[in-house]
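In what follows, chains are A, B, ... by sequence order, proteins preceding strands, each numbered from 1. Every heavy atom of this structure was used, including side-chain atoms; hydrogens, water molecules and symmetry mates were not. Values in this document were obtained by computation on a predicted structure and should not be read as measured data.
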Protein chains: 4
Amino acid sequence: MQAPQDTKPRWERRKDARPQELLAAALEQFVERGYAATRLEDVAKRAGVSKGTLYLYFANKEELFKAVVRDNIVATIGEAEQDAATFDGPSAELLGALLMKWWQEICATPLGGITKLMLAEGNNFPELAQFYNDEVVARGSSLFTRVLTRGIARGEFRPVDPVVMTQVLIAPVIMLMMWTHAFMPTCGMPQIPPQEFMDVFIATTLRGLQADTP
Amino acid sequence: MQAPQDTKPRWERRKDARPQELLAAALEQFVERGYAATRLEDVAKRAGVSKGTLYLYFANKEELFKAVVRDNIVATIGEAEQDAATFDGPSAELLGALLMKWWQEICATPLGGITKLMLAEGNNFPELAQFYNDEVVARGSSLFTRVLTRGIARGEFRPVDPVVMTQVLIAPVIMLMMWTHAFMPTCGMPQIPPQEFMDVFIATTLRGLQADTP
Amino acid sequence: MQAPQDTKPRWERRKDARPQELLAAALEQFVERGYAATRLEDVAKRAGVSKGTLYLYFANKEELFKAVVRDNIVATIGEAEQDAATFDGPSAELLGALLMKWWQEICATPLGGITKLMLAEGNNFPELAQFYNDEVVARGSSLFTRVLTRGIARGEFRPVDPVVMTQVLIAPVIMLMMWTHAFMPTCGMPQIPPQEFMDVFIATTLRGLQADTP
Amino acid sequence: MQAPQDTKPRWERRKDARPQELLAAALEQFVERGYAATRLEDVAKRAGVSKGTLYLYFANKEELFKAVVRDNIVATIGEAEQDAATFDGPSAELLGALLMKWWQEICATPLGGITKLMLAEGNNFPELAQFYNDEVVARGSSLFTRVLTRGIARGEFRPVDPVVMTQVLIAPVIMLMMWTHAFMPTCGMPQIPPQEFMDVFIATTLRGLQADTP
DNA sequence: AATGAATGAGTGTTCATTCAT
DNA sequence: AATGAATGAACACTCATTCAT
């Protein structure tokens, strides 16, 4: 028996990988330097190609950025939406899993830098802000809102306003992410141990949401 | 007795006011657009002078930014250091006053935007980061540390590690500021009422610091 | 008695002259190379300034081109409109004068190259085409149409359709201009003597327009 | 008797057709956008091949353009030269046929756009201008000159200077072509009916050339 | 023969900085 | 002190051309 073989010629395999290589390079560069300060030539160099090659795959800087967001953050949101749609167990468990997934797959990775970037530069690039708000903020929020609504409907959660509660859920995670990511290395801030924070936060919140059982 | 009078002719007073006008314009522009995206021409226009005039007072963009920080944040820290040095009463009172002063005079004003800016863009301008760390973060932190040490020495506070405790004091305030300032308008986050937050935070913390009185 | 003196400092006189110098350089360059092939750096060099200086006076390439057209062709049309509005004599005389002015001040000068350019590249730059059509073609045409209408109303001209007749008037002049201007030097075409052509053309046309006198 | 058959397999015929397909695509693109603005990628796409394939058949953009001219205009001139060389009848008939052929096979087809293009952009591409002048202008002119000379020698035409007369013959046709082709759609010029124009032009000219018959 | 990925020189545009007046 | 004209380095984006497959 053989290991599965890629029968394509080498350059074709290379071609298929290119967009991913470019997106990875772009992510790093955007996170390191911010949107405006990222030079496409540096992204290209980082991916080991020339400036022109970038334009074979992405129409311009803005589309490159959007592709980075889509390929990483939006994709993860999509998975989470799947998880939520097919999940059958208690809402508290689902909510906890979603929060932890968000933390582990986005906030705790370099992707967290994208959120920082949007906070910092969003004002200067309204179209990007719009895109990010539509594809990430709105979709992510409404996912949490739906889970809360489900829990309330099933009598698992107390009858809070699910929209407001969504914000209450989101806020500490973003805070923690800013804390973990953004603070300047020089800043000498204390390291909050993120995993513990998340554990405590989730446990506390779920307990607070729990409906009274007579 | 007379109120102190400015005996200078008007144009000279004007001249003396120039740097202040420029610094005010620069602050607004930096806060609105970030450091990199701020165009000196816009700062000049906002102050009602020409671009060249800016360079009569500030050697370059970086020095302008530093001057904004010095003239506002560093100055406030200086005052606070004075307050602390001459204060004679209980350490808890001093600590509460310092925290509240920090909140009210920096975090709750446009100056809070400078902190956001440093978090967001500091990495791209290492010299600015260094400056900000030395002049603001380090000095501010050490002020709190000194007050904590004083309180412990005087038996008012429990014998915590004053350096770590400093971070614990600072973190929530910065969090609140980020919350108040930075989050994208689109983000739809709930408004935390800052004054209440600060009151509760200060009360709780001081109570937690209080040494046991036998 | 003294010659009128310019009391401004030299650099200010320079500044006032700059736009004209740039427009002149741009006209030459556009006529020589066409719109797309004209490099702004070459325009700048030709005017003896740097590329950046161009942008102090004109927002971009397109605006530079429009300014060239306005400053030359549109201005001349404006004069002609004035002439026509204030003219009191026979319509035939006015019409002849307008045609000749058009020939002498536009077609026979480098400005004719602009028309050639629009014919050649207009398709590729729809916004420029629109502008040129509105500001030059439409205004110029309607001027001739008005004069024809005036002549007909006053019983000087036969009752032709003035709009169609306008085209008949315009066509030969544009033809002559293309002939004079555009033909490649190498092309070895015969030199039509333009002045004679215009004289004969105007004389013939006016005679053809003349109303029958009983 | 059989019609000549192409015995090659289909893919080979395809291969043979390639250059023609490319030339056709190039002609359309050049006429639509002009020489400089034509992107080889668009030509390739139009021909349904890849950009690289273009370079298998034509060394570069310039050679592609020359090939378009050769394959169309020069070829037609060649035919006309043949016609003229073998023609035995009256010179007036030959001359009329040549003029009409020129009109119908070049000026009235998209090929007319090539002439427009050379007029408009020739200056920017001296090598192309040289080529066009040698292969098209000179050869075409000298063909007419030879026919005129023949007619004069045979006593059919009046003894005009054949070189000058050649230009007189050429000018109106080029004019008509410019009129038909190049003028901006927006320009609202009246449509000259080309066939009538040519008929009248040829009839008039031949009559004018006719030698007096005693 | 055919592909299409890759290149890099070239151009329009921006903006911190300088300097003659 | 103040001006604002001038500069030029920097960057996003395009496209003719090359070449490994």
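Following rounding to the nearest Å, L54(A) (CG) and dC11(F) (C1') show an atom-to-atom distance of 13 Å. Spacing between atom CZ of R18(B) and atom C1' of dA2(F) amounts to 8 Å, rounded to whole angstrom units. Whole-Å rounding puts the F125(C) CZ to dG12(E) P distance at 10 Å. Rounded to whole Å, atom C1' of dA16(F) lies 12 Å from atom CZ of F30(D). In this entry the distance linking CZ of F65(C) with P of dG12(E) reads 15 Å, nearest Å. When the P atom of dA2(F) is taken as reference, atom CZ of F58(B) falls 12 Å away, rounded to whole Å. Taking atom CG on N124(A) and atom P on dT14(E), their separation rounds to 16 Å, with Å as the unit.
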Open item on the list: The test is side chain to side chain contact (heavy atoms under 4.5 Å, CB included); show your working for M118(B) and Y35(B) and say whether it passes.
Closed with: CA-CA 9 Å; M118(B) 288 306 305; Y35(B) 179 78; over 6 Å; no

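Comparing E62(A) and S50(B) by the nucleotide of DNA chain F that holds the closest heavy atom to each, the one mapping nearer the 5' end is S50(B). Residue-to-nucleotide proximity on DNA chain E shows that, of A59(B) and G52(C), the 5′-proximal contact is made by G52(C).
Taking CD of E121(B) as the reference point, atom NZ of K116(A) lies at 9.5 Å (rounded to 0.5 Å). A distance of 12.5 Å separates CZ in R18(B) from CG in L23(B), rounded to the nearest 0.5 Å. To the nearest 0.5 angstrom, K51(D) atom NZ is 8.0 Å from L40(D) atom CG.
The side-chain heavy atoms of Y132(B) and I73(B), taken from C-beta on, include a pair separated by under 4.5 Å. Inter-residue side-chain proximity for N124(A) and R33(B) is flagged as met; some heavy-atom pair is nearer than 4.5 Å. Between S50(A) and T53(A), the closest side-chain pair of non-hydrogen atoms falls below 4.5 Å. Under the 4.5 Å side-chain criterion, counting only non-hydrogen atoms from C-beta, V43(A) is in contact with L54(A).
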Return all side-chain donor-acceptor pairs below 3.5 angstrom for residues 64-71 of chain B, not counting sequence neighbours, or 'none' if the list is empty.
none

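Scanning both residues, G122(C) and A129(C), for their nearest heavy atoms gives O-CB, 3.7 Å.
Here the side chain of L56(B) is nearest to one of dT3(E), dT7(E), dT3(F), namely dT3(F). Side-chain proximity of Y55(A) to dT18(F), dT17(E), dC13(F): nearest is dC13(F). Ranking dA1(F), dG4(F), dT3(E) by closeness to the Y57(B) side chain, first place goes to dA1(F). Comparing atom distances between the T53(A) side chain and each of dT3(F), dT17(F), dT7(E) picks out dT7(E) as nearest.
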TODO: Quick one: the dot-bracket string of DNA chain E, using Watson-Crick and G-U wobble pairs with both distances under 3.5 Å, [ ] for crossing pairs and | for bases paired to another strand.
DONE: .||||||||||||||||||||

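No N or O donor and acceptor, one from the side chain of K51(C) and one from the base of dT7(F), sit under 3.5 Å apart.
Within the nucleic acid shown, K61(C) comes within 4.0 Å of sugar-phosphate atoms alone, with no base atom in reach, counting heavy atoms only.
Listed by residue number, T38(B), R39(B), L40(B) are the residues of residues 34-45 of chain B with a heavy-atom contact under 4.0 Å to DNA chain E.
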